Protein chains: 2
Amino acid sequence: MTTSIRRPRGPYAKTSRRRQEIVDAAVEVFSAGGYHKGSLRDVAGRVGLSQAGLLHHYPSKDSLLEAVLKWRDDDATAFLGEPVPEGLELLRGLVRLAEYNASSPELVELHVILSAEGTLPDHPLHGYFVGRHRNVIKIATAAFQRAAANGQLKPGVDSEDAARSLLALMDGLQVMWLLDRDGVDMAAHLRRYLQSQLTVEL
Amino acid sequence: MTTSIRRPRGPYAKTSRRRQEIVDAAVEVFSAGGYHKGSLRDVAGRVGLSQAGLLHHYPSKDSLLEAVLKWRDDDATAFLGEPVPEGLELLRGLVRLAEYNASSPELVELHVILSAEGTLPDHPLHGYFVGRHRNVIKIATAAFQRAAANGQLKPGVDSEDAARSLLALMDGLQVMWLLDRDGVDMAAHLRRYLQSQLTVEL
DNA sequence: GTCTATATACTGATAGAC
DNA sequence: GTCTATCAGTATATAGAC
């Protein structure tokens, strides 16, 4: 997010609001079709703009998608709290995040479709998801290490392995939940997994 | 697969071979781009055919994709053996399947991208994946129930929950593996999870 | 069985008026 | 800031010759 010194509030605030409307609409569109199927015309239509008009705010499809991902990351970070909590607190936060996700199907759809597309090597999002994955693994591993240092982790459990299994489970549960929303309780599955790795009550 | 009585072998065998060539090429194309980005022209080019020529063998994009999914299901079934093994044998088979997958990145890509697209309600594959999911859950749940009946499952573990966690883990690990092939040992993660639910050596 | 040619429909992006 | 008009590219599918 860049700020302008020369246009501090008035017109800028209006443009900013407009840009947020566009991002909201883009979330709807990319959730329902992913990057490849989602079209700028569709996004534009939802905010009462022509496609060319939309391109005035975001000069390309990629730049719009980038804004969507930034918005989603900011949303998740805000949910977990800043600075990101450590140890068991982070693990508890991830369970609460799963509960939150289950109340926002759109967010889950967005994550599932974009992260799958992002695994493909020549997808515009590939680099973003590779980097994000590295970062998330690092943070979750640190949480398990902190738990281990506090004697809260079962003996023989490797922190990085536990972190990877946890994150894979989170991702896989989201796919499964989209296929069977009433049959899958994402947070409960995560809690059970975490409990099986810990020596204390989560 | 329909067979013809009037053309028992010669020309039919040739056509059958051609159709398999096409399916192989389609796996490559849909692996790399999913349903929406994968194009018939691309598939056709890989087997030295024009796009219209390809449509002679599979009259629509959907029919070709259907053939691809059938081929993949048959492949997995053949790997696990028929009839599908029961109890611990099935669980061991799923671990071996993960090892097999790790030697076929293309299969993993195909599964990850198509199953993500298939979660979207209006995707042509949605019905297929919903049905497949139900079926797979049923089989895996039965395997855990069999293990429980043999006293091989830890007390307090619900068979269906264990099955769902296992399958979510399998799916999530594939996404993760595509982002970091050297850092993720899918089979090892599955084995650890299963071992944590069982009273006997897997 | 395979081709060329074509119909029809979208796509993202640009040019330039207002 | 938003529009219309347009360009160049892509897609699936069909018609009909060979």
Side-chain angles (χ1 to χ4, degrees), chain A residues 2 4 6-7 9-26 28-30 32-68 113-114 117 120 122-125, chain B residues 2 4 6-7 9-26 28-30 32-68 113-114 117 120 122-125:
Chain A
T2 60
S4 162
R6 303 190 53 199
R7 288 198 294 159
R9 247 193 311 277
Y12 174 71
K14 199 169 174 185
T15 291
S16 177
R17 223 180 302 128
R18 197 64 158 140
R19 284 170 60 97
Q20 186 55 50
E21 281 174 33
I22 292 171
V23 167
D24 290 345
E28 293 177 27
V29 169
F30 290 131
Y35 174 78
H36 283 119
K37 202 198 169 193
S39 85
L40 294 179
R41 276 180 174 82
D42 192 353
V43 177
R46 284 165 197 253
V47 293
L49 222 55
S50 72
Q51 184 236 12
L54 183 149
L55 285 174
H56 168 78
H57 298 277
Y58 293 97
S60 70
K61 187 179 185 178
D62 282 15
S63 70
L64 174 57
L65 192 61
E66 204 177 299
V68 167
I113 185 67
L114 289 186
E117 288 184 321
L120 305 178
D122 51 359
H123 194 279
L125 265 51
Chain B
T2 60
S4 161
R6 303 191 53 198
R7 289 196 294 157
R9 245 192 312 278
Y12 176 70
K14 201 168 170 185
T15 292
S16 177
R17 223 180 301 127
R18 197 67 159 136
R19 283 169 63 97
Q20 186 54 50
E21 281 175 34
I22 292 171
V23 167
D24 290 346
E28 292 177 27
V29 170
F30 291 130
Y35 174 79
H36 284 118
K37 202 198 170 195
S39 84
L40 294 180
R41 270 183 174 79
D42 193 353
V43 176
R46 285 165 196 252
V47 293
L49 222 56
S50 73
Q51 184 237 12
L54 185 150
L55 285 174
H56 168 76
H57 298 277
Y58 293 97
S60 72
K61 188 179 185 177
D62 282 15
S63 71
L64 174 56
L65 193 61
E66 204 177 298
V68 166
I113 185 66
L114 289 186
E117 288 184 321
L120 306 178
D122 51 359
H123 194 280
L125 265 51

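A quick note: this is a predicted structure, and the numbers were derived from the prediction, not measured. Chain identifiers are assigned alphabetically (A, B, ...) following the order of the sequence lines, protein sequences preceding nucleic acid strands; residue numbering begins at 1 within each chain.
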> For K37(B) and dC10(C), what is the distance between atoms NZ and C1' respectively, to the nearest whole Å?
Replying inline: 17 Å
>> Return whichever of H36(A) or P59(A) has its heavy-atom-nearest nucleotide of DNA chain C closer to the 5' end.
In response: H36(A)
>> Looking at S50(B), I'd like to know whether one of its side-chain N or O atoms comes within less than 4.0 Å of OP1 or OP2 on dT2(C).
In response: no
>> With a 4.0 Å limit, can you tell me whether S39(A) has a side-chain N or O closer than that to the phosphate oxygens OP1/OP2 of dT11(C)?
In response: yes
>> Quick check: on DNA chain D, is the nucleotide nearest D42(B) upstream (toward 5') of the one nearest G53(A), or the reverse? Name the residue that is more 5'.
In response: G53(A)
> Which part of the nucleic acid does L40(A) contact within heavy-atom distance under 4.0 Å: base, sugar-phosphate only, or nothing?
Replying inline: sugar-phosphate
> Any sub-3.5 Å donor-acceptor pair from Q51(B)'s side-chain atoms to A44(B)'s backbone N or O?
Replying inline: no
> Hey, what do you get for CD (E28(A)) to CZ (R46(A)), rounding to the nearest 0.5 Å?
Replying inline: 5.0 Å
>> To check you understand the geometry: which heavy-atom pair defines the closest contact between L40(B) and L54(B), and what is its length?
In response: O-CD1, 3.9 Å
> So which nucleotide from dC3(D), dT4(C), dA13(C) ends up closest to the side chain of A52(B)?
Replying inline: dT4(C)
>> Could you tell me how far apart L55(A) (CG) and dA13(C) (C1') are, to the nearest whole angstrom?
In response: 7 Å
> Is there a side-chain polar atom (N or O) of H56(B) under 4.0 Å from OP1 or OP2 of dG1(C)?
Replying inline: yes
> Can you tell me how far the NZ atom of K37(A) sits from the OG atom of S39(A), to the nearest 0.5 Å?
Replying inline: 9.5 Å
> To the nearest angstrom, how far is K61(B) atom NZ from dC10(C) atom P?
Replying inline: 15 Å
> Is there a donor N/O on one and an acceptor N/O on the other, under 3.5 Å, for the side chain of Q51(B) and the base of dA13(D)?
Replying inline: yes
>> Rounding to an integer number of Å, can you tell me how far R18(B) CZ sits from dG1(C) C1'?
In response: 9 Å
>> Can you tell me whether the side chain of R41(A) and the base of dG12(C) have a donor-acceptor pair closer than 3.5 Å?
In response: yes
>> I want to check one thing: is the phosphate of dT2(C), taken as OP1 and OP2, less than 4.0 Å away from some side-chain N or O of H57(B)?
In response: yes
> What is the distance, rounded to the nearest whole Å, between atom CZ of R19(A) and atom C1' of dT2(D)?
Replying inline: 16 Å
> With sugar-phosphate meaning primed atoms plus P, OP1 and OP2, does L54(A) contact a base, only sugar-phosphate, or nothing at under 4.0 Å between heavy atoms?
Replying inline: nothing
> Between Y35(A) and F30(A), what is the ring plane arrangement, given parallel below 30°, perpendicular above 60°, and tilted in between?
Replying inline: parallel
>> Measure OH/Y58(A) against P/dT2(D) and give the value in whole Å, please.
In response: 13 Å
> Rounded to the nearest Å, what distance is computed from the CG atom of residue L64(A) to the P atom of nucleotide dT11(C)?
Replying inline: 14 Å
